[in-house]
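Chain identifiers are assigned alphabetically (A, B, ...) following the order of the sequence lines, protein sequences preceding nucleic acid strands; residue numbering begins at 1 within each chain.
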There are 2 protein chains.
Amino acid sequence: MKLSSEVTERLAASGIRLTRQREEVLGVLLQKRDHPTAVEVFMRSKKHMPTISLATVYNCLEALVESGLVKQVNLDRAPTRFCANLLDHSHFFCEECGSVHDIEIPLQSPWNLPSGYLIKQAEVTFRGKCPACTSKNL
Amino acid sequence: MKLSSEVTERLAASGIRLTRQREEVLGVLLQKRDHPTAVEVFMRSKKHMPTISLATVYNCLEALVESGLVKQVNLDRAPTRFCANLLDHSHFFCEECGSVHDIEIPLQSPWNLPSGYLIKQAEVTFRGKCPACTSKNL
DNA sequence: CTAGGTGCAAAAGGTTTGCGGTTAA
DNA sequence: TTAACCGCAAACCTTTTGCACCTAG
């Protein structure tokens with residue numbers, strides 16, 4: 001696939017060891033940005049790499065998250081979802097269809113926090129109805 | 001405990017059926033606002049109500065969350081945490097000591113979202129160092 | 001009276017781990 | 001060459017479920 005150069009570049013730049021499995025996992029996340037779960041990533045990866053194991057997918061995801069190439073999204077008690085969108089963004093969760101969308105809003109950090117807190121990262125999650133579901137006027 | 005009147009009032013006002021176990025679980029969450037996990041709530045509840053079961057704690061928490069009396073907080077892949085703070089607030093997660101703090105900032109919703117999205121709820125999570133850990137200048 | 005809640009134990013996911021073999025650097 | 005990674009299977013931990021009994025309204 002033509003993504004592979006981007007995948008390889010990102011991996012090389014991150015400094016972590018480059019393996020075929022990590023390329024595959026990152027490739028899956030870059031190809032379809034629908035915030036798949038680990039199991040979904042596993043199933044998609046198996047199409048190109050039938051020998052990959054679920055444990056390896058978890059390991060790869062962990063390495064990718066740790067290196068900053070992938071973000072994890074947790075919603076309620078549902079399984080963790082992953083995305084490879086490196087732009088600063090928020091997530092929108094549609095209560096109707098369950099889909100997760102990236103919302104790229106520049107958060108100009110208008111936070112007036114109590115003193116003493118050292119903020120390294122802020123994360124915003126929205127819930128509601130996505131455009132597709134809203135237009136179905138359910 | 002003197003919280004019981006508040007607990008009972010809140011439960012009655014919520015409309016869900018009032019049981020001793022739900023009172024106990026809500027009481028635990030109101031007494032110490034450290035965002036315990038389900039298992040922690042279970043252990044604390046057992047001190048006053050030795051017969052309560054973990055499954056019941058989960059059931060109670062679910063009912064309380066659904067009725068809006070309790071909020072659940074998910075951080076990464078760690079077990080879900082619960083809090084009874086009904087004021088609109090955000091959460092701060094200390095990467096140093098692992099504690100979770102409520103941050104009561106009035107979010108004046110400065111979100112410029114793409115059109116089509118119907119937002120019902122926004123949730124903000126911060127990560128960094130809490131005052132206690134910052135002052136230890138680690 | 002009865003719909004809904006409880007307690008128990010067992011099952012069901014999701015995620016992690018241990019280990020022998022493999023591979024990127 | 002070797003530290004790190006992979007695949008497999010088993011373990012782990014959180015959460016859910018089925019069922020018989022109980023209780024709030």
Side-chain angles (χ1 to χ4, degrees), chain A residues 4 7-28 35-67 69-70 72-82 98, chain B residues 4 7-28 35-67 69-70 72-82 98:
Chain A
S4 62
V7 171
T8 310
E9 272 171 36
R10 290 199 185 196
L11 277 169
S14 76
I16 67 171
R17 189 159 145 182
L18 193 152
T19 69
R20 291 204 304 127
Q21 290 82 355
R22 290 176 180 180
E23 285 183 281
E24 177 59 36
V25 166
L26 183 53
V28 163
H35 305 79
T37 64
V39 171
E40 284 163 349
V41 171
F42 173 54
M43 293 188 303
R44 294 179 200 174
S45 297
K46 271 210 297 197
K47 286 179 190 163
H48 301 102
M49 186 182 282
T51 63
I52 199 171
S53 72
L54 179 55
T56 293
V57 169
Y58 272 106
N59 287 336
C60 291
L61 287 170
E62 186 181 352
L64 292 169
V65 167
E66 205 152 324
S67 75
L69 286 178
V70 163
Q72 50 179 271
V73 193
N74 289 85
L75 294 156
D76 300 335
R77 279 174 267 180
T80 304
R81 298 178 169 280
F82 298 86
Chain B
S4 61
V7 172
T8 311
E9 273 170 35
R10 289 199 186 196
L11 277 169
S14 78
I16 66 170
R17 188 159 145 183
L18 193 152
T19 70
R20 292 203 306 127
Q21 290 81 356
R22 289 177 179 179
E23 283 183 283
E24 177 60 36
V25 166
L26 183 52
V28 163
H35 306 79
T37 64
V39 171
E40 285 163 348
V41 171
F42 172 54
M43 293 189 302
R44 294 179 200 175
S45 297
K46 271 210 296 198
K47 288 178 189 164
H48 300 103
M49 185 183 281
T51 62
I52 199 171
S53 72
L54 179 56
T56 293
V57 169
Y58 272 105
N59 286 336
C60 290
L61 287 170
E62 186 181 352
L64 292 168
V65 167
E66 205 152 323
S67 74
L69 286 178
V70 163
Q72 50 178 270
V73 193
N74 289 85
L75 294 156
D76 300 334
R77 277 173 269 180
T80 304
R81 298 178 169 278
F82 298 86

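- Closest contact between the side chain of Gln21(B) and the listed nucleotides dG7(D), dG25(D), dG7(C) involves dG7(C).
- Side-chain N/O atoms of Tyr58(A) include none lying less than 4.0 angstrom from OP1 or OP2 on dT16(C).
- With DNA chain D read from its 5' end, the first of the two nearest nucleotides for Arg20(A) and Thr80(B) is the one closest to Arg20(A).
- For the pair Asn74(B) (side chain) and Asp76(A) (backbone), a donor-acceptor distance under 3.5 Å is present.
- Within the 4.0 angstrom heavy-atom criterion, base atoms lie near Leu54(A).
- Taking all atoms of both residues into account, the shortest heavy-atom contact from Leu61(A) to Phe82(A) is CD1-CE1, 3.6 Å.
- Taking only side-chain nitrogens and oxygens, Thr19(A) never comes nearer than 4.0 Å to OP1 or OP2 of dA24(C).
- The side chain of Arg22(A) sits closest to dC6(D) out of dC6(D), dT16(D), dG7(D).
- Among Gln72(B), Glu40(B), Arg81(B), the one residue that satisfies the side-chain contact (heavy atoms from CB on, under 4.5 Å) test with His35(B) is Arg81(B).
- Summarising the geometry, the separation between CG on Asp76(A) and P on dT15(D) is reported as 12 Å, rounded to the nearest angstrom.
- Atoms CZ (Phe82(A)) and P (dG14(C)) sit 12 Å apart, rounded to a whole Å.
- Taking atom CE of Met49(B) as the reference point, atom C1' of dC22(D) lies 14 Å away to the nearest angstrom.
- Taking atom CZ of Arg81(A) as the reference point, atom C1' of dG14(C) lies 13 Å away to the nearest angstrom.
- Evaluation of atom-type donor-acceptor distances gives a pair under 3.5 Å for the side chain of Arg17(A) against the base of dT23(C).
- A straight line from CD1 of Ile16(A) to C1' of dT23(C) spans 15 Å, rounded to a whole angstrom.
- Separating the CG atom in Leu26(B) from the SG atom in Cys60(B) is a distance of 10.0 Å, to the nearest 0.5 Å.
- Rounded to whole Å, the distance from CG on Leu11(A) to C1' on dC5(D) is 14 Å.
- Nearest nucleotide to the side chain of Thr51(A), out of dG7(D), dG5(C), dT15(D): dG7(D).
- Judged purely by atom type and a 3.5 angstrom limit, Arg77(B) has no side-chain atom pairing as donor or acceptor with the backbone of Thr80(A).
- Considering Val7(A), Asn59(A), Leu69(A), Leu64(A) as possible partners of Val25(A), the one that fulfils the side-chain contact (heavy atoms from CB on, under 4.5 Å) test is Leu64(A).
- Rounded to whole Å, the distance from CG on Leu18(B) to C1' on dG4(C) is 14 Å.
- Of all the heavy atoms in Leu54(A) and Ala38(A), the pair that sits closest is CD1-O, 4.2 Å.
- At least one side-chain nitrogen or oxygen of Arg77(B) sits closer than 4.0 Å to the OP1 or OP2 atom of dT16(C).
- The shortest non-hydrogen separation linking Ser45(B) to Glu24(B) is CA-OE2, 3.6 Å.
- You'll find that the side chain of Ala55(B) is closest to dA9(C), out of dT6(C), dG14(C), dA9(C).
- Here Thr56(B) does not reach the OP1 or OP2 of dT6(C): none of its side-chain N or O atoms lies under 4.0 Å away.
- Taken residue by residue, residues 59-66 of chain A places heavy atoms nearer than 4.0 Å to DNA chain C at Asn59(A).
- Atom CG of Asn74(A) is separated from atom C1' of dT14(D) by 14 Å (rounded to the nearest Å).
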